[in-house]
Amino acid sequence: MDWLKIKDAAQAPVGTRCTLKGWVRTRRDSKAGLSFIDLNDGTAFQGLQVVAKSDLPNYESEILHLGTGCAIEAEGELVESKGKGQSVELQASAVRVVGLVDDPDTYPASAKRHTFEYLREQAHLRVRTNTFGAVARVRHALAVGIHRFFDERDFFYVHTPIITASDAEGAGEMFRVSTLDMHNPARTPEGEVDYNKDFFGREANLTVSGQLNVETYCCALSRVYTFGPTFRAENSNTSRHLAEFWMIEPEIAFADLNDDAQLAEDMLKYLFDDLLTRRADDMAFFNERIEPGLIDRLKHVIEKPFRRLPYTEAVEILKNAKKSFEFPVEWGSDLQSEHERYLTEEHFKQPVVVINYPKKIKAFYMRLNDAGTDGAPEETVAAMDILVPGIGEIVGGSQREERLDVLDRRIEEMGLIKDDYWWYRDLRRYGTVPHAGFGLGFERLIQFCTGMQNIRDVIPFPRAPRQADF
RNA sequence: UCCCCGAUAGCUCAAUGGUAGAGCGAGCGGCUGUUAACCGCUAGGUUGUAGGUUCGAGUCCUACUCGGGGAGCCA
């Protein structure tokens with residue numbers, strides 16, 4: 001008898017004979033001499049109801065003891081359901097127990113409402129719940145959608161290194177990678193730790209961004225992207241930060257900031273549309289139980305062009321806002337969370353692309369704008385942040401400085417060491433081209449698409465300060 | 001890392017400084033083509049950890065750990 005995934009069985013014609021395998025969500029008994037088993041195998045949001053009659057040989061001995069979490073195989077025939085709530089169900093000719101639950105009283109994913117905080121401590125079992133199963137499928141759909149989006153547009157997927165010996169990234173605190181004996185490391189004659197004796201012969205860390213590496217491939221393959229794990233050792237304790245997260249970083253050659261912002265906008269819209277189509281079941285759940293209005297909000301985002309505005313103009317809007325902010329707004333200072341939220345949630349009520357930030361608050365590799373761009377009082381760089389309601393910054397990107405002399409000046413101004421960037425500078429010496437790229441936080445994208453409030457609930461096993469269980 | 005709040009049964013929460021309770025879940029029984037079912041019974045506790053104040057601490061004080069909200073850093 002064919003083993004069907006529940007997602008397929010739900011679509012199969014009445015009369016189909018098949019086997020289903022999965023985990024019991026609930027069991028309900030009827031005195032009419034039958035039991036109803038909600039079976040879920042994770043292939044779709046909806047499970048399938050298995051009807052087990054009392055004339056099955058193991059009805060008393062096993063079926064009546066099945067509870068939440070038990071693994072079973074059921075074979076039988078798909079029939080039209082006599083009850084409400086489902087169109088088809090499996091009339092079981094046999095139910096085999098595969099794995100029982102030791103102690104139903106302490107089974108952490110019991111059939112009751114649990115808080116996300118509690119389930120986070122049961123990360124190995126939480127995916128058996130409606131919410132986390134849906135998050136897992138949405139996460140997958142978005143990941144696949146990202147690769148498809150880029151593939152359809154002739155981007156190449158580049159595997160940038162996880163371990164970086166360059167200490168030149170400057171995007172945040174880094175995790176050290178070392179094989180030295182922590183208690184008794186090799187030392188130089190001066191008494192310093194001797195990284196010459198370390199595995200790589202120098203200091204090494206986990207990557208905080210694949211950008212610098214992917215720029216090299218961009219300047220040969222034209223359109224590339226990375227999509228991999230990223231590590232920040234910041235002591236950040238918020239609902240939108242992780243120590244280990246996944247980031248998508250496209251990089252496009254012969255392109256400027258406008259091309260970059262357009263790419264990001266096209267990509268986000270493609271992904272939202274793709275998700276609403278491919279995971280309609282899970283999205284309906286998020287729309288109903290997690291964030292009412294979610295689907296309309298995503299459709300609204302798909303339909304309207306993102307609002308693009310210069311930093312200088314954003315500051316003006318904030319200064320003229322009737323709202324009183326905890327932190328004052330001044331040209332030259334970075335936008336605070338409350339400012340970003342005001343722009344995207346209250347003033348424009350849609351995704352906002354802020355471009356051309358003051359150079360002094362941005363990274364060295366961002367392209368210097370001509371003086372007076374947007375009427376700015378000081379120098380700006382071709383940077384852009386995409387702000388979305390509820391999340392804040394979801395994308396950060398820029399056009400890269402392709403002029404060697406300007407780049408060198410910026411490196412110097414920021415007190416960095418030119419030689420550390422020798423290969424990055426080489427790109428500007430040998431056939432340099434205007435190019436641009438951005439970083440999209442994958443978990444923040446999932447948060448935005450699902451309405452899940454805490455970033456630790458959209459990654460299977462979250463890593464955060466003092467949290468690396470599982 | 002900073003500010004605020006919290007930690008009591010498997011889970012969610014009550015309990016004036018004076019005998020630790022309820023709902024849900026779980027087990028058993030009743031009822032029912034059931035589906036967030038419903039009714040009854042039963043079990044279930046070193047009140048986060050370590051100190052302190054007090055005749056007496058779940059309750060007050062201190063430290064620590066963990067969680068939540070906000071901030072910073074950012075994606």
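Convention: sequence-line order gives letters A, B, ...; per-chain numbering from 1.
- Heavy atoms of A:F36 sit under 4.0 angstrom from at least one base atom.
- A donor and an acceptor atom never sit less than 3.5 Å apart when one is taken from the side chain of A:H114 and the other from the base of B:rC11.
- Judged by distance alone with a 3.5 Å cut-off, no donor-acceptor contact links the side chain of A:S110 to the base of B:rC11.
- Taking only distance into account, the side chain of A:K31 never meets the base of B:rC31 through a donor-acceptor pair shorter than 3.5 Å.
- Residue contacts shown for A:T230 are absent, as no nucleic acid heavy atom lies under 4.0 Å away.
- For B:rA75, the base is stacked against the aromatic ring of A:F245, per a cut-off of 5.5 Å between centres and 30° between planes.
- As a whole-Å value, the separation of A:D29 CG from B:rA37 P is 13 Å.
- In this structure, B:rU49 and B:rA63 make a Watson-Crick or G-U wobble pair, each of the two defining distances being under 3.5 angstrom.
- Comparing A:K53 and A:T26 along RNA chain B, the residue whose closest nucleotide (by nearest heavy atom) sits nearer the 5' end is A:K53.
- Taking the side chain as every heavy atom from C-beta outward, A:D274 and A:R148 approach each other to under 4.5 Å.
- Within the 4.0 angstrom heavy-atom criterion, base atoms lie near A:Q86.
- The interatomic distance linking A:K82 (NZ) with B:rG33 (P) rounds to 11 Å, in whole Å.
- Summarising the geometry, the separation between CD on A:E326 and P on B:rC4 is reported as 14 Å, rounded to the nearest angstrom.
- On a pure distance criterion of 3.5 Å, no polar donor-acceptor pair joins the side chain of A:E338 and the base of B:rG70.
- In this structure, A:F150 has its ring center at least 6.0 angstrom away from the ring center of A:F227.
- In terms of phosphate contacts, A:T115 brings a side-chain nitrogen or oxygen within less than 4.0 Å of OP1 or OP2 of B:rU12.
- When the P atom of B:rA37 is taken as reference, atom CG of A:D38 falls 9 Å away, rounded to whole Å.
- Not one N or O on the side chain of A:R232 forms a donor-acceptor pair closer than 3.5 Å with the backbone of A:T207.
- Once rounded to the nearest 0.5 Å, the distance linking CD of A:E265 with CD1 of A:I302 reads 11.5 Å.
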